[in-house]
Structure formats: C-alpha cells, structure tokens
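Note that these values count all heavy atoms, side chains included, but never hydrogens, waters or copies made by symmetry.
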Amino acid sequence: MQQVGIQKINRTSLRDQVYTALRQSIITLELAPEQKLNDNELAARFGVSRTPVREALKRLEDEGLVESFPGAITRIAPLYNDAARHAFPVAAALHALATRLAVPQLQEQHLNELEQANEQLITALQQQDAIAAIEADDRFHRVLVLACANPELDKALQSVMSKIRRLELAKFSSIDHTHSPEDHKRIIAACKQGDRSLAAAEMEQNWLSLAAWLQEEGETADDSTTTTDQTSHSTQNLPKDHQHSKQESTDSL
C-alpha cells in the first residue's frame, strides 16, 4: 500500500494539498514523533513557497499533530497516550452517531462496500500490514460517515481520528487487532436488519474496546522513546518520489 509522501504538487489548493500530505505522513509515522521540521526544506520538497507550508503547519498544530516553540522550533508532536485516550470516547460517540444517522439511508451498495472493506481488513491483518489495515478500517467507517451526510460530524471526526490512528500504528504489533473484523460483522448485520440502535451500540463498543487495549500499554515517555528510536530521521532524508494515495478519512483513521 502506497504512502503519501512529499513531492512537487499542482498549484491548485496548495494549502490543502500540503496539509493533506503532511497529515498523512505524520499519521503513518513517515514523519517521526518529535522530528524537527523546517518550512524552507518542506517548501523545497513540495515545490511551493513557504506560505502554504506555514498555513498547513498551523492547521496541524491546531489539531495537536505539530508543536512550535520559541526560537522558531517546530516539530512533530510526541505520541501522547493521554491525548489519544481522551480522543477515543469522543470518536466512539461520533462514530456511533454517524452510524445511527446512516442506517436508514443505507443502500445495497453501502452494505457491499462495508463487507469489501472488512475483507480487505482481514487480509491486511493476516499479512501484518499495518498501513493497509488502518486504511481498510478507515474505508469501513468512512462508508457510514459519508452515508449519514453530516459534514459537521465528518469535520469533527477528522481531528480526533488523527491522534488515534497515529498511536494505533505505533503500537500495531503489540495490539490484538483480531477483534475488529468480528466487531464489523456485527455492525454490518445490524445495518442489514435496519436496527440503527444496535448498529450504533456495536460501533461504539468497537472503538471503546480498542481504547481498553491501548490503555494497557506503556507510558507516554516509553512509547515516544521507542518510536523515535525506530523511526526517527531528518527532513533531509524525506523521500522525493512517493505517489499520493487516494484521500480517505480518518480522514478518517
């Protein structure tokens, strides 16, 4: 599965394109926690001026993915377990609400998309492909978020999910993900029955159960140190020729 990297981009919607590429690189840990960022270097990699890069970094800072300090120091935010754990009940409630609103609107095509995404998730988990698993899970949940047709809910989820997905990827090898496909099957069954209350309840439990597993893992300092040791690299070594993947939610995780 291809990752979004840094390359020259078209001149349309520069701020949004830079933001999307950087956000994806942060979530997938291509840009490591606590890695320092230089807007001049990023602008050169993207082939744009510093303005859209600065605007994108400010937006990412508002979402808690980037930190800035006096002395013009900007870095990727560490993996704060507490921030992600606080985000889980919010994500659970929002996804449950999206599901409740979506169920009456679901067509056969939506149900097929849910089943296809879950099969892709199963395959990715069997192959221990963390990026593919996260993207498949995002596709599954995205079906319901789009079907509920509530842009405010979608917008609220975007910031919350970025914290969750980043921590989930960092801990992928140590978390038992096998529960997710079974959770999804129960959600699909409830959707087919048209039982929006049951579907919403199953959806909420899906997210809360993952939060419970994450809570059993180590402290923030240990997580940040381990991840940084394994993935840290400078912006001079960022890849130049990654292709953009299709934008998906977590945008959702």
Side-chain angles (χ1 to χ4, degrees), residues 1-5 23-30 32-33 79 81 84-85 87-89 91-92 94-96 98-99 102 110-147 157-158 160-192 198-218 223 226-227 230-231 242-243 245-253:
M1 186 63 64
Q2 295 174 339
Q3 299 181 26
V4 173
R23 180 176 181 273
Q24 185 71 1
S25 293
I26 293 170
I27 292 173
T28 60
L29 306 179
E30 181 183 350
L79 284 170
N81 280 11
R85 288 168 184 160
F88 266 107
L94 291 176
H95 277 293
T99 301
H110 296 116
L111 297 174
N112 291 337
E113 290 173 353
L114 289 171
E115 291 179 335
Q116 289 170 7
N118 202 38
E119 288 301 316
Q120 291 167 350
L121 174 59
I122 292 171
T123 299
L125 291 173
Q126 291 172 344
Q127 297 173 350
Q128 287 294 295
D129 188 333
I131 298 295
I134 293 299
E135 291 182 345
D137 195 54
D138 278 341
R139 280 192 290 274
F140 179 89
H141 295 289
R142 188 68 175 161
V143 173
L144 296 167
V145 171
L146 291 177
L157 270 171
Q158 183 167 315
V160 173
M161 290 304 301
S162 60
K163 299 179 181 68
I164 290 173
R165 289 311 196 192
R166 196 164 69 117
L167 183 62
E168 190 177 2
L169 273 171
K171 296 176 175 292
F172 184 84
S173 63
S174 64
I175 297 176
D176 180 3
H177 282 66
T178 57
H179 71 289
S180 288
E182 295 305 316
D183 288 353
H184 290 177
K185 289 177 182 179
R186 289 191 291 272
I187 293 168
I188 294 171
C191 289
K192 288 181 176 180
L198 177 59
E202 293 287 0
M203 179 64 75
E204 184 172 25
Q205 182 57 38
N206 173 241
W207 287 105
L208 293 179
S209 61
L210 180 56
W213 268 305
L214 283 172
Q215 193 166 0
E216 295 174 359
E217 297 300 314
D223 296 335
T226 300
T227 304
Q230 293 175 345
T231 61
H242 282 290
Q243 297 180 4
S245 66
K246 294 180 180 179
Q247 182 177 354
E248 295 170 338
S249 170
T250 92
D251 212 355
S252 299
L253 96 153

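The shortest distance between side-chain heavy atoms of Leu210 and Ser180 does not fall below 4.5 Å. Considering only heavy atoms from C-beta on, Glu202 stays 4.5 Å or farther from Asp183 through its side chain. Trp207 places none of its side-chain heavy atoms less than 4.5 Å from the side chain of Leu94. Residues Gln205 and Arg186 form no side-chain contact, since every pair of their non-hydrogen atoms from C-beta on lies 4.5 Å or further apart. Between Asp137 and His184 the shortest side-chain heavy-atom distance falls below 4.5 Å. Here the side chains of Ile134 and Thr28 are not in contact, with every heavy-atom distance at 4.5 Å or above.
The aromatic rings of His141 and His95 sit tilted relative to each other, their planes meeting at an angle between 30° and 60°.
Residues Ala87 and Val160 approach most closely at O-CG1, 3.3 Å, considering heavy atoms. Residue Met203 comes nearest to Ala96 through the heavy atom pair CG-N, 3.9 Å, listed as atom of the first residue, atom of the second, then distance. Closest of all the heavy-atom pairs between Arg139 and Ala132 is NH2-O, 4.5 Å. Of all heavy-atom pairs spanning Ala199 and Cys191, the tightest one is CB-SG, 4.2 Å.
Expressed to the nearest 0.5 Å, how far CD of Glu182 lies from CG of Asn206 amounts to 11.5 Å. Between Gln126 atom CD and Leu121 atom CG the span is 9.5 Å, to the nearest 0.5 Å. Here Thr123 contributes atom OG1 and Asn118 contributes atom CG; the two are 10.0 Å apart, rounded to the nearest 0.5 Å. Taken from CG in Leu79 to CG in Leu167, the straight-line distance is 6.0 Å, to the nearest 0.5 Å. The CG atom of Asp138 sits 6.0 Å away from the CE atom of Met161 when rounded to the nearest 0.5 Å. Here CG of Leu169 is found 8.5 Å from CD1 of Ile27. Values are rounded to the nearest 0.5 Å.
No donor-acceptor pair under 3.5 Å is formed between the side chain of Asp129 and the backbone N or O of Ala124.
For Gln116, the side chain to side chain contact (heavy atoms under 4.5 Å, CB included) partners are Asn112, not counting sequence neighbours.
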